[in-house]
There are 2 protein chains.
Amino acid sequence: MKLSNTLQRRVIIEELRKVKSHPTADELYQLVRQRLPQVSLGTIYRNLELLSEDGQIQKLELTGKQKRFDGNIKEHYHMRCSNCGCIVDVEDKEIDAIHDNLQVLVERNGFDGFRLELIGRCSRCGNT
Amino acid sequence: MKLSNTLQRRVIIEELRKVKSHPTADELYQLVRQRLPQVSLGTIYRNLELLSEDGQIQKLELTGKQKRFDGNIKEHYHMRCSNCGCIVDVEDKEIDAIHDNLQVLVERNGFDGFRLELIGRCSRCGNT
DNA sequence: ATAAGAATAGTAATCATTATTAAAATATTG
DNA sequence: CAATATTTTAATAATGATTACTATTCTTAT
Ligand SMILES: [Mn+2]
Ligand SMILES: [Mn+2]
Ligand SMILES: [Zn+2]
Ligand SMILES: [Zn+2]
């Protein structure tokens with residue numbers, strides 16, 4: 001059950017924690033292979049799965065065809081940029097309040113939970 | 001620009017409007033081929049895309065690897081059953097109120113919009 | 001009816017992901 | 001440490017969902 005300590009695993013975690021971009025498996029593959037040119041894409045996929053099951057990283061449940069991963073395991077919200085499609089963290093007291101309200105409201109209406117994904121413009125794309 | 005009137009297109013729309021299951025392309029393919037055994041899966045995909053662009057049907061933006069389609073073009077909420085994974089319509093005045101509140105709140109916080117997906121148990125799976 | 005354009009069936013290709021496997025690395029035991 | 005058991009890896013194949021290609025057929029506008 002305990003994951004053994006391999007170089008590939010360490011580098012995957014390190015690179016994922018370095019970036020704030022919520023990379024897909026193949027994006028992370030590009031990063032990892034700069035340090036481990038022999039690494040295989042299957043190793044990235046397998047370890048992202050294992051590490052998220054193990055709670056060391058987060059697998060994000062977002063729309064879109066590719067899965068994305070987050071080195072930050074703290075629960076937090078994400079915004080998708082409507083222009084470039086990137087995923088950015090939302091650190092906002094108000095959103096947390098909205099979350100708590102929603103939780104109460106949806107449970108009061110007989111649901112077990114919800115998934116909320118914010119949409120907006122990232123800083124690079126501006127707000128026009 | 002205007003879509004021409006083909007038998008395949010008519011049957012696709014008819015079958016999609018008949019069901020309440022929010023089928024994937026291949027699920028709809030199974031339905032359509034009962035009436036048109038020669039229809040090809042590519043035709044289903046192409047037409048679902050064209051018809052949703054044309055506003056005659058709805059393409060649902062949900063989590064999960066397969067796209068789902070809805071013959072009902074009115075905007076409405078969906079719940080995913082946490083047990084069987086099916087998608088059911090949510091017709092609930094309260095949810096509409098929640099939606100309106102959320103819209104105000106997220107815009108007030110600088111976002112353009114949001115996507116909210118409800119999670120619960122469908123009627124067949126019960127509520128335990 | 002004719003010609004131009006659009007759509008189709010059939011098939012191949014692509015993209016994301018998962019499975020397989022023999023060899024290599026890591027962990028456990030004596 | 002050495003022997004052994006277990007896990008992981010790289011490479012590759014396979015899968016599932018979707019999109020692209022193309023020759024033929026259908027639809028629409030003259
Ligand atoms: Mn994040
Ligand atoms: Mn619906
Ligand atoms: Zn952007
Ligand atoms: Zn169910």
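The sequence lines fix the lettering, A, B, ..., with proteins before strands; numbering per chain opens at 1. In what follows, every heavy atom counts, from backbone to side chain, and hydrogens, waters and symmetry copies are set aside.
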Is the distance from OP1 or OP2 of [N] to the nearest side-chain N or O of [X] less than 4.0 Å?
{"X": "A/Tyr45", "N": "C/dT17", "value": "yes"}
{"X": "A/Ser40", "N": "D/dT12", "value": "no"}
{"X": "B/Arg46", "N": "D/dT19", "value": "no"}
{"X": "A/Asn5", "N": "D/dT8", "value": "no"}
{"X": "A/Thr43", "N": "D/dA10", "value": "yes"}
{"X": "B/Ser4", "N": "D/dT28", "value": "no"}
{"X": "A/Gln8", "N": "C/dA25", "value": "no"}
{"X": "A/Lys65", "N": "C/dT14", "value": "no"}
{"X": "A/Gln66", "N": "C/dA16", "value": "yes"}

Rounding to a whole Å, what distance do you find between [X]:[atom1] and [N]:[atom2]?
{"X": "B/Leu36", "N": "D/dT25", "atom1": "CG", "atom2": "P", "value": "18 Å"}
{"X": "A/Leu50", "N": "D/dT8", "atom1": "CG", "atom2": "P", "value": "7 Å"}
{"X": "A/Leu48", "N": "C/dA16", "atom1": "CG", "atom2": "C1'", "value": "13 Å"}

Most 5' of B/Lys2 and A/Val39 on DNA chain D, judged by nearest nucleotide: A/Val39
Side chains of A/Glu117 and A/Thr63 only: does a donor on one sit below 3.5 Å from an acceptor on the other? yes
When you check the side-chain N and O atoms of B/Gln34 and B/Gln30, is any donor under 3.5 Å from an acceptor? no
Under 30°, 30 to 60°, or over 60°: which ring-plane class applies to B/His99 and B/Tyr77, parallel, tilted or perpendicular? perpendicular
With A/Glu15 as reference, evaluate A/Arg33, A/Arg35, A/Arg10 under the salt bridge (Lys or Arg N to Asp or Glu O under 4.0 Å) test and give the passing residue.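 It is A/Arg35; the other options fail the test.
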